[in-house]
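The structure under discussion appears below in the form of structure tokens.
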Amino acid sequence: MKADTRALAARGLADVALRGASLREVMERAAPKLADPRDRALLMALLSEGARWWLRFDPAIDGLLEKSLRHKDPAVHALLVLGLVQLEILELQDYAAVAATVEAVRALKRPQLAGLVNAVLRRWQRERDSLLAKLDARPPTRHAHPAWLAAALQRDWPQQAGAVMAANNREPPLMLRVNRRRSEREALIARLQAAGYAAAAHPWLADALVLPHSSDVTRMPGFDDGLFAVQDGAAQVAADLADLHDGLRVLDACAAPGGKACHLLERADIDLTALEFDAARAERIRQNLMRLRLDAKIVVGDAGAPKGWWKRQPFDRILIDAPCSATGVLRRRPDVRLHRRESDIAAMGAQQRRILAALWPLLAPGGRLVYITCSALRAENEAVVGEWLAQQEDARAVPFELPVGLAAAIGWQILPGDGDLDGMYYAVLQKRA
């Protein structure tokens, strides 16, 4: 029997929003159940936008019901949220969206609730303007961001907070990175355009290509040959700031899934160690290296405890892609806004300080360390680096500017949406010779 796409999405969204499951894992589990690429595309859209807009439409559903279904029938509750997502975000035809959602209730084996689902969605259509006005009156439901995060963004970036939250709620472009060792950017663009993809060169990132919409990259020409990788432009900045040349010993700490490590290897002939704490995530580094025909030493270990894996040879370059709140990449990882808690930020900061302090002694005199997070919060970025730098006599911050973003007290902050990039923070630190 053919799987019902909306029923599949409802079960997955309930797992993500109500049980804390990873959106990526849910997608990987659900997508193979659909044979038709169009059904898989709809599934991905429903899951992504359902997670992105859950904080707006989840309370709206409660307001349309006499008794909440959230705990008794979580998949049906999630299906109702997806009904509003189809009507308001994906802008599917009203009749088709309602009819297909009602049919999905039967696929969920809850046929007795079909009439209720139909009535709720019909009521939304009748009272739409007043119901939307109520949602817009409260910041958490207006922006679909948790209240603590909206307040933190307003505190850290009072002039930009509204634009940041708006950027988090838009579909990001698909960005690729050409593998310089196997292709040239213009040749890859021509090949993709010939296959019907609207690929264009990024205006200032040397290896980046931009496509307006998400697509199944595994079906693109050149993917199996390792001609390119998926990587947002903000992450591609790391290779420029590393200031590479042949012969360097380089450590990429917290390296999974390996995007930055692979980019460094594409740029220069270096001896690279990719360090990752989680063995399963380290396997993803290996897979990416194999597909791109690159070679590095993969080490499973704790970046904050080098004694367990360091061989006493200093590194000329170190990248610390520090564990963080991921508040800069909500547009690509919308489930983060459902899972992250305000109390996580202090714990993240402690982990970042531990890693920075542990890895600095591994850097050779004259060497360069690039500290990176995909956070938009100052507490994980300039506050961490500034506090550490004030206590470190043999370190200095290297000044730099990027075409987008803004200078932080130390380093540079790209906010979500700046130049249509993800949010990312960079600081470059040099050890005195």
Side-chain angles (χ1 to χ4, degrees), residues 175-181 185 202 204-210 228-246 248-276 281 284-285 288-289 292 294 296 303 315-324 326 328-329 332 352 355-356 359-360 362-363 367-376 380-382 384-385 397-405 407-408 410-416 418-430:
M175 300 196 71
L176 308 179
R177 184 192 75 242
V178 65
N179 181 353
R180 288 190 183 190
R181 294 193 177 272
R185 182 166 67 168
H202 190 275
W204 57 271
L205 289 163
D207 300 323
L209 288 71
V210 184
F228 66 86
V230 177
Q231 188 179 43
D232 187 79
Q236 296 187 39
V237 170
D240 292 329
L241 297 181
D243 186 31
L244 294 177
H245 57 78
D246 292 351
L248 295 178
R249 295 190 74 252
V250 179
L251 172 67
D252 182 4
C254 318
K260 296 180 183 69
C262 291
H263 197 190
L264 298 179
L265 291 163
E266 292 162 6
R267 283 286 185 92
D269 290 320
I270 55 176
D271 177 5
L272 186 136
T273 298
L275 177 70
E276 174 54 43
R281 286 171 56 78
R284 292 185 63 200
I285 303 174
N288 283 320
L289 288 167
L292 296 169
L294 300 168
F315 295 98
D316 304 298
R317 301 286 186 272
I318 296 177
L319 258 66
I320 300 178
D321 195 355
C324 72
V329 292
R332 295 192 191 278
Q352 292 149 6
I355 291 172
L356 183 54
L359 293 184
W360 182 255
L362 280 58
L363 186 66
R368 173 177 287 213
L369 184 150
V370 182
Y371 177 89
I372 311 160
T373 78
C374 55
S375 171
E380 298 180 272
N381 298 338
E382 60 199 72
V384 169
V385 176
V398 178
F400 65 93
E401 292 185 4
L402 297 174
V404 299
I410 296 169
W412 195 268
Q413 179 75 58
I414 302 172
L415 289 171
D418 288 347
D420 212 3
L421 301 179
D422 288 348
M424 200 153 287
Y425 170 80
Y426 284 99
V428 178
L429 308 172
Q430 188 158 26

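Below, each value reflects all heavy atoms present in this structure, side chains not excepted, and no hydrogens, waters or symmetry copies. Since this is a predicted model, take the numbers as computed values, not measurements.
- Proximity of Leu429 to Val398: side-chain heavy atoms (C-beta onward) are nowhere separated by under 4.5 Å.
- Between Arg177 and Leu292 the shortest side-chain heavy-atom distance falls below 4.5 Å.
- Using modelled atom types, no side-chain atom of Asp422 and backbone atom of Asp232 make a donor-acceptor pair closer than 3.5 Å.
- Side-chain atoms of Gln413 never come within 3.5 Å of backbone atoms of Gly423 as a donor-acceptor pair (strictly under, hydrogens ignored).
- Under the rule for a ring-ring contact (aromatic ring centres under 6.0 Å, His included), Trp412 has no partner lying at least two apart in sequence or in another chain.
- For the pair Ala303 and Ala253, the tightest heavy-atom approach, listed with the atom from each and the gap, is CB-CB, 4.3 Å.
- Nearest approach of Gly419 to Val404, heavy atoms of both residues: CA-CG1, 3.9 Å.
- To the nearest 0.5 Å, the span separating OG1 on Thr373 from CD on Glu380 amounts to 6.0 Å.
- Taking the side chain as every heavy atom from C-beta outward, Leu294 and Arg181 approach each other to under 4.5 Å.
- Under the 4.5 Å side-chain criterion, counting only non-hydrogen atoms from C-beta, Phe228 is not in contact with Leu209.
- In this structure, the side chain of Asn381 engages the main chain of Ser375 through a donor-acceptor pair within 3.5 Å.
- In this structure the side chain of Glu382 reaches within 4.5 angstrom of the side chain of Tyr425, judged on heavy atoms.
- Note that CG of Leu319 and CZ of Arg368 are 11.0 Å apart. Values are rounded to the nearest 0.5 Å.
- The two residues Arg185 and Ala208 make their nearest non-hydrogen contact at NH1-O, 2.9 Å.
- The two residues Ala322 and Gln352 make their nearest non-hydrogen contact at CB-CG, 3.9 Å.
- A distance of 4.0 Å separates CD1 of Ile320 from CG of Leu369, quoted to the nearest 0.5 Å.
- Under the salt bridge (Lys or Arg N to Asp or Glu O under 4.0 Å) criterion, Glu276 pairs with Arg281, not counting sequence neighbours.
- Annotation: side chain of Phe315 is not in contact with side chain of Leu359 (no heavy-atom distance under 4.5 Å).
- Heavy-atom minimum distance, Asp316 versus Leu363: O-CD1, 3.7 Å.
- Panel note: side chain Gln231, backbone Met175; no donor-acceptor pair is recorded below 3.5 Å.
- Partners of Gln236 under the side chain to side chain donor-acceptor pair (under 3.5 Å) rule, at least two apart in sequence or in another chain, do not exist in this structure.
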Side-chain donor-acceptor contacts of residues 238-246 below 3.5 Å, not counting sequence neighbours, with atom names and distances?
from   : atom 1 : to     : atom 2 : distance (Å)
Asp240 : OD1    : Arg267 : NH1    : 2.9
Asp240 : OD1    : Arg267 : NH2    : 3.0
Asp246 : OD1    : Asp269 : N      : 2.9

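- For Leu421 against Ile414, the heavy-atom pair with the smallest separation is CB-CG2, 4.3 Å.
- Every residue was checked against the side chain to side chain donor-acceptor pair (under 3.5 Å) condition with Arg249, not counting sequence neighbours, and none meets it.
- Contact check for Leu265 versus Val250: no side-chain heavy atoms found under the 4.5 Å cut-off.
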Exercise answer: donor-acceptor pairs, residues 254-263 side-chain atoms, under 3.5 Å, sequence neighbours excluded:
from   : atom 1 : to     : atom 2 : distance (Å)
Lys260 : NZ     : Asp321 : OD2    : 2.8
His263 : NE2    : Asp207 : OD2    : 2.7

- Give the intermediate values and the outcome of side-chain contact (heavy atoms from CB on, under 4.5 Å) for residues Val370 and Ile318. CA-CA 6 Å; Val370 182; Ile318 296 177; over 6 Å; no

